[in-house]
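Each chain gets a letter, A, B and so on, in the order the sequences are listed, and its residues count up from 1.
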Number of protein chains: 2
Amino acid sequence: MARIAGSSGARTAEAIRRAALRLIWRQGYAAMNLRDLAAEVGIQPSSLYNHIETKQALLFDLVHDHLTALLAATDAALEAAGPDTLERLRAFAAHHVLYHLEKRAEVYIANSELRALDPPNHGRVVALRRAYEARLITLLEAGMAEGRLAVADITVAAYAILAMLTGVCTWYRPGGRLSNAEIVDQHVALVMAGVLKRSAA
Amino acid sequence: MARIAGSSGARTAEAIRRAALRLIWRQGYAAMNLRDLAAEVGIQPSSLYNHIETKQALLFDLVHDHLTALLAATDAALEAAGPDTLERLRAFAAHHVLYHLEKRAEVYIANSELRALDPPNHGRVVALRRAYEARLITLLEAGMAEGRLAVADITVAAYAILAMLTGVCTWYRPGGRLSNAEIVDQHVALVMAGVLKRSAA
DNA sequence: GCCAAAAACTAACGTATGTTCGTTAGCAAG
DNA sequence: CTTGCTAACGAACATACGTTAGTTTTTGGC
């Protein structure tokens, strides 16, 4: 047999991306092999190459698409939050946690497989990450300038906050004891309590 | 030639562990290969097997030894902090950050290569991690019982705090803008601000 | 209904990898 | 000085991996 009845390029391509996301998430990029990936999709290893350029390009596409989607969604959430700095900060934290709860695999890969990207791809991804971090840093700077936040060092605070919020990916399981909203709310509360100036509650 | 003049088992074994730590830290366990490791140590690949059982056993040893050392050091730091819950919590946070600054490679591997451990090893390591997390959870429970802390959910708070404090490993570089003490202090401040009951400053 | 493009197949290549085997030279105890 | 253990060596094995080549069947536009 050759081409399979009912096969569709777009459908297979999506199946490959979904399966790759899952496998890389579970095992890591280096430990995932294309034979397992093909088996998961239900095709032969060589057939993958009708849809991907190389294994490396597949990883880059997954990471790149995730980061651009995250940036766009974040900007939309900030836009919706209005002009007030504290409101925007809350919105950023809430959106970050919720997004990370819902896209655990994408997030985890984008954070932990950076080193698996070859130099040109690595550079582009790092630039996107920096752009994302800049969103938070800008908010902290604004809050400091307005005298409503109090942190010793903005960069350290930004990284600490991002680390804390991203941490949900490592332990969250759907259908757990707490609702997503409860998890989001508590993280927002921890962040705000940590950075708010004592007087301005 | 066969045995090299001046070669010593203990010295080579330590060199292997150090090199493995560095390579796994940089590339990940799956991406590290024993030929590169041997080259780093300056011996032939087959000679590794005079000192390690398998690649997997090497990873387990590294992770296991790190976690037991971390547990012991943490208990010593808590002991030194005295009986007061808030002091112990500060001591825990400070020690965690400082230890993580100094042992970035060990920590990173222990956190990110869990999935590379085969089931029996995985189980033992997870048990050690849980024991460590329990130290923090116990402190938070005590602080809540004393009415001096205010968090919505102790487990979530514990994981969030650990994620935040462990985050330093991903961006810290020795010789950077801030001293270790400054980084530690700020993280302790962020944690305490996040969990302290408003009245009890 | 025909035909180029798409999307799958089978087979294989070249290399990389973890590990084993047999051997040999240095070291320390008797 | 001998002898047994240690720690290295070189060579190789078996497998696994990413990828390519060539082929075959289905699909969709004319």
Asks: Would you say C/dA8 has OP1 or OP2 under 4.0 Å from some side-chain N or O of A/H51?
Replies: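 Checking A/H51 against C/dA8: at least one side-chain N or O falls below 4.0 Å of OP1 or OP2.
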
Asks: For C/dA8, take OP1 and OP2 only and decide whether either is under 4.0 Å from a side-chain N or O of A/T12.
Replies: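 Yes, within the criterion.
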
Asks: Rounding to an integer number of Å, can you tell me how far A/I16 CD1 sits from D/dT19 P?
Replies: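 Checked: the CD1 to P distance equals 13 Å.
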
Asks: Do NZ/NE/NH1/NH2 and the carboxylate oxygens of A/R11 and A/E14 come within less than 4.0 Å?
Replies: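 No, no charged N to carboxylate O under 4.0 Å.
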
Asks: Would you kindly give the CG-to-C1' distance between A/D118 and D/dG18, to the nearest whole Å?
Replies: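 Going from A/D118 (CG) to D/dG18 (C1'), I get 15 Å.
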
Asks: Suppose we call a contact any N or O donor and acceptor under 3.5 Å apart; does that hold for the side chain of A/N50 and the base of C/dA6?
Replies: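 It does not, because no donor-acceptor pair links the side chain of A/N50 to the base of C/dA6 below 3.5 Å.
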
Asks: Is B/Q56 reaching over with its side chain to a backbone N or O of B/A116, donor-acceptor style, under 3.5 angstrom?
Replies: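 It does hold such a pair.
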
Asks: Over how many whole Å does the gap from A/M32 atom CE to D/dC17 atom C1' extend?
Replies: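 Value for this atom pair: 11 Å.
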
Asks: Using a cut-off of strictly less than 4.0 Å, decide whether B/S47 has a side-chain nitrogen or oxygen near OP1 or OP2 of D/dA7.
Replies: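 Result: no.
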
Asks: Calculate the interatomic distance between B/L37 atom CG and C/dT19 atom C1'; express it in whole Å.
Replies: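 B/L37 atom CG is separated from C/dT19 atom C1' by 14 Å.
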
Asks: Tell me: CZ of B/R35 to C1' of D/dA12, nearest whole Å?
Replies: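 Rounded to the whole Å, the gap is 10 Å.
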
Asks: In whole angstrom, give the distance that lies between atom CD of B/Q56 and atom C1' of C/dT19.
Replies: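 Distance, rounded to whole Å: 15 Å.
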
Asks: If each of A/E53 and B/Q44 is mapped to the nucleotide of DNA chain D with the nearest heavy atom, which maps nearer the 5' terminus, i.e. the 5' end?
Replies: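 The 5'-side residue here is B/Q44.
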
Asks: Would you say the base of C/dT10 and the side-chain of A/S46 have a donor-acceptor pair closer than 3.5 Å?
Replies: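 Flag set: donor-acceptor pair detected.
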
Asks: Salt bridge or not for B/R90 and B/D84, using N-O below 4.0 Å?
Replies: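 Not counted as a salt bridge, because no side-chain N and carboxylate O are separated by less than 4.0 Å.
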
Asks: So, do A/Y132 and A/F92 have ring centers that fall under 6.0 Å from each other?
Replies: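 Centroid separation for A/Y132 and A/F92: below 6.0 Å.
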
Asks: Taking the six-membered ring for Trp, are the ring centroids of B/Y159 and A/Y172 within less than 6.0 Å of each other?
Replies: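 Centroid distance B/Y159-A/Y172: not below 6.0 Å, so no.
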
Asks: Is a donor-acceptor pair below 3.5 Å formed from side chain B/N33 to base C/dA16, judging by atom type as modelled?
Replies: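 No, the side chain and the base share no sub-3.5 Å donor-acceptor pair.
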
Asks: Take atom CD1 of B/I43 and atom P of D/dG10, then tell me their distance rounded to the nearest Å.
Replies: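 Nearest whole value for this atom pair: 12 Å.
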
Asks: Using whole Å, report how far OH of B/Y49 lies from C1' of D/dT6.
Replies: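 After rounding, the reported distance stands at 19 Å.
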
